[in-house]
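What follows is a single structure, written as structure tokens, with notes after it.
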Amino acid sequence: MRNKLTALFILFWITFKVDAQQINLTEIPKPQREFRAAWIASVANINWPSKPGLSTQQQQDEAVALLDMLKKNNFNAVIFQVRPQADALYKSSLEPWSYFLTGVQGQAPKPYYDPLEFWIEAAHERGLELHVWLNPYRAHHISGGQPSESSVVKKHPELVYKLKQGYWWLDPSKKGTQDLSAEVVKDIVKRYDIDGVHFDDYFYPYAEYNGGEDFPDGESYAEYQKNGGQLARGDWRREQVNVFIQRVYKIIKEEKKYVKFGISPFGIWRPGFPESIKGFDQYDKLYADAKLWLNEGWIDYFMPQLYWQVNNIPQSFPVLLGWWQSENTKQRHLWPGLNSGIGGGEKNSDEIINQIMISRGILPKSPGVAHWSIAALTKNEMLRNDLLKGPYKAEALVPASPWLDDNKPSGPNVTIADRNTDVYIDWKPANKRDDFKYIVYTNYGGKWNYTILNYKSRFLLVPKVSYADAAKMIQQPLQNIAVTAIDRTGNESALEIINVEGESSTN
């Protein structure tokens, strides 16, 4: 037995933790932090699935292709639309299966699978956060087929209005509307391993949806006044949305504090804010007081849709982004949405890269953007390539959210073993349920580097020697390694550096 133990021991290299004073920690490169996301729209089959009625295998193949592309190009998040029209791209007891999946609202995929469950697992395996994107008020889309008997249009006609363009819209002021949409959010957060909940810019509908006429909620407002309400109609509408936004944030945090809540409102709050800005007034037309939500910190990330170019003076990208940052009094994440498909080619790449670099300059503590939409990336090879050789050349971690959790997780338990010309690094998580990624740091001849791995990773094989100059055969030996954990809110465990000394000569 003693000889067996001795032989086993010889397989392992001698390791010990190094006093931090012996190594200048400032020389160890910290992974870049930047939110890099793309929207994937299911409504009208804009992005996924490519059309209703595809087989389960075809749907999954399309999903994997999109996620593989994001992974390959060093993205770290996906914003996936799961409630396009008060329906579900997941198993729900509250709302019917989406028409955009099968071509029949209420019909499950065949063979059966849960698309959201599939997307979450596939995204996480590629190191991507998955944020579920829901529309809280759209009851039925004009491209969504006929409302089924399980549609909210049929089940709760008292909550909806049919607009002149053919859309059905939930009344944001109705308690039943707020209860339903809040329960949908709670159900998803509770049952699925998501990283975020996301709303876009559709609150009260754009006027053109109703032929330019006002939203038909006269009876609801009259009831409010009858019960003693004093707010003007516009203020009353905004208050209904404000109450709902606060409610959703509270629900999410009560279920899972680490799940982020984000909103991507129209990019202009009001014309004249700042002074040079002209354009659509979401405050007055959509009854969305987006500035208030940012001021009050009712969100974890704020993603205004800044779909205009840098030199477009009335809606200039940097001017608007700078103004929104001046309103970011709670210092939440401010990650602008980019119109990444402005036409393709060199001009497209130049504009989008400029916007990314401007965002980094204005938001150095928590940079990040989201690309509308993933089609701009799949269709424009030049843009993908230019991003990958430019601002997205290195992998990046999602910035931490210290207001949610600023405690460092415990680091994994690490061992190393000799594998001839390589070193086998093995670790066991100290907090398996909370770890989202791992970082393996290596030091060759005084030069540190790192590798980012997903939550399932438990080992990495690295060479004992690296060649600083392959032509001259200049070798750099492996001197130190460290493995850290990244938790669900982006915190990194402490660096515990292990010194690699060489094979043991113990007998």
Side-chain angles (χ1 to χ4, degrees), residues 42-45 52 81-108 132-188 199-227 229 231 233-234 236-245 247-248 251 285-288:
S42 59
V43 67
N45 298 101
Q81 190 174 34
V82 300
R83 193 199 193 209
Q85 53 168 12
D87 56 5
L89 276 80
Y90 60 95
K91 177 61 177 175
S92 173
S93 61
L94 301 172
E95 295 184 314
W97 284 100
S98 178
Y99 166 88
F100 303 113
L101 276 174
T102 62
V104 179
Q105 190 176 57
Q107 181 175 298
V132 291
W133 164 18
L134 304 90
N135 187 282
Y137 301 125
R138 186 165 54 213
H140 203 77
H141 193 273
I142 55 175
S143 66
Q146 290 299 313
S148 68
E149 291 303 314
S150 54
S151 167
V152 69
V153 171
K154 298 291 185 69
K155 290 178 69 175
H156 296 286
E158 76 282 3
L159 300 181
V160 300
Y161 302 114
K162 188 171 186 180
L163 307 180
K164 292 191 174 180
Q165 263 196 9
Y167 294 89
W168 290 85
W169 215 263
L170 289 157
D171 184 343
S173 74
K174 294 285 184 73
K175 182 178 183 299
T177 293
Q178 298 194 20
D179 288 348
L180 173 62
S181 293
E183 190 62 29
V184 166
V185 171
K186 182 177 181 178
D187 177 55
I188 294 174
F199 291 167
D200 55 18
D201 58 317
Y202 292 100
F203 295 98
Y204 279 81
Y206 288 85
E208 58 264 30
Y209 285 11
N210 200 34
E213 296 184 8
D214 196 15
F215 188 67
D217 58 356
E219 290 185 9
S220 296
Y221 184 59
E223 183 69 19
Y224 163 76
Q225 291 179 308
K226 180 181 176 181
N227 292 327
L231 291 175
R233 196 164 181 174
W236 166 75
R237 287 174 173 170
R238 279 182 287 273
E239 182 61 16
Q240 308 313 305
V241 179
N242 293 341
V243 167
F244 179 69
I245 295 299
R247 180 177 177 180
V248 167
I251 284 172
K285 301 299 183 182
L286 304 181
Y287 305 95

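Positions are given from 1 along the sequence. Because only heavy atoms are used, hydrogens play no part in the values below, and waters and symmetry mates are left out as well, while side chains stay in.
With Y204 contributing its side chain and P172 its backbone, the two residues share no donor-acceptor pair below 3.5 Å. Distance alone, capped at 3.5 Å, is enough to place a donor-acceptor pair between the N135 side chain and the Y137 backbone. At least one donor-acceptor pair under 3.5 Å links the side chain of Q81 to the backbone N or O of S42. Distance alone, capped at 3.5 Å, is enough to place a donor-acceptor pair between the S181 side chain and the P136 backbone. S150 places no side-chain N or O within 3.5 Å of a backbone atom of P96 that could act as its donor or acceptor partner. At least one donor-acceptor pair under 3.5 Å links the side chain of Q165 to the backbone N or O of E208. Although no hydrogens or angles enter the test, the distance criterion places a donor-acceptor pair under 3.5 Å between the side chain of H140 and the main chain of G145.
Every residue two or more places apart in sequence or in another chain was checked for a salt bridge (charged side-chain N to carboxylate O under 4.0 Å, His left out) with K226, and none qualifies. Residues passing the side chain to side chain contact (heavy atoms under 4.5 Å, CB included) test with A182 are F244, R247, I251, sequence neighbours excluded. Listed by chain and residue number, R191 satisfy the salt bridge (charged side-chain N to carboxylate O under 4.0 Å, His left out) test with D187 (two or more places apart in sequence, or in another chain). Legend: residues meeting side chain to side chain contact (heavy atoms under 4.5 Å, CB included) with P52, ordered by chain and number and at least two apart, are N45, Y99.
The two residues F203 and I245 come nearest to each other via the heavy atoms CE2-CD1, 4.2 Å. Heavy-atom minimum distance, V248 versus V185: CG1-CG1, 4.1 Å. Contact detail for L134 and V132: the closest heavy-atom pair is CD1-O, 3.6 Å. A pairwise comparison of heavy atoms in S92 and L94 identifies OG-N, 2.9 Å as the closest pair. Of all non-hydrogen atoms in G166 and I142, the two that sit nearest each other are C-CG2, 3.6 Å. Nearest heavy-atom pair across D214 and Y287 is OD1-OH, 4.1 Å.
Separation of atoms CZ (R238) and CD (Q240) is listed at 11.5 Å; rounding is to 0.5 Å. Between atom CZ of residue R233 and atom OG of residue S173 there is a gap of 9.5 Å, rounded to the nearest 0.5 Å. Taking OG1 of T177 as the start and CG of D171 as the end, the distance is 5.5 Å to the nearest 0.5 Å. Note that OH of Y224 and CH2 of W236 are 8.5 Å apart. Values are rounded to the nearest 0.5 Å.
Residues R138 and D200 are not paired through a salt bridge, judged by the lack of any N-O separation under 4.0 Å between the basic side chain and the carboxylate. Residues D217 and K174 are not paired through a salt bridge, judged by the lack of any N-O separation under 4.0 Å between the basic side chain and the carboxylate.
For the pair V243 and E239, the minimum side-chain heavy-atom distance is below 4.5 Å. Looking at heavy atoms from C-beta onward, W97 lies out of side-chain contact with Q107 at the 4.5 angstrom threshold. No side-chain heavy atom of W169 sits less than 4.5 Å from a side-chain heavy atom of P216. Looking at heavy atoms from C-beta onward, F100 lies in side-chain contact with P84 at the 4.5 angstrom threshold.
The aromatic rings of Y167 and Y209 sit parallel to each other, their planes meeting at less than 30°, with 60° as the upper class boundary.
Within the structure, salt bridge (Lys or Arg N to Asp or Glu O under 4.0 Å) contacts touching residues 86-96 (residues at least two apart or in different chains) are R83-E95. For residues 152-170, every residue pair satisfying the salt bridge (Lys or Arg N to Asp or Glu O under 4.0 Å) rule, not counting sequence neighbours, is listed here: E149-K154, K164-E213.
Side-chain contact of S148 with Q105: a donor-acceptor pair under 3.5 Å is present, judged by distance alone.
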Practice problem: Please report the C-alpha distance between F215 and S220 in whole Å, then the side-chain angles of each, then the deciding distance to 0.1 Å, and finally whether the side-chain contact (heavy atoms from CB on, under 4.5 Å) criterion is met. | Solution: CA-CA 11 Å; F215 188 67; S220 296; over 6 Å; no

Practice problem: Applying side-chain contact (heavy atoms from CB on, under 4.5 Å), run through I188 and Y90 and close with a yes or a no. | Solution: CA-CA 9 Å; I188 294 174; Y90 60 95; 3.4 Å; yes

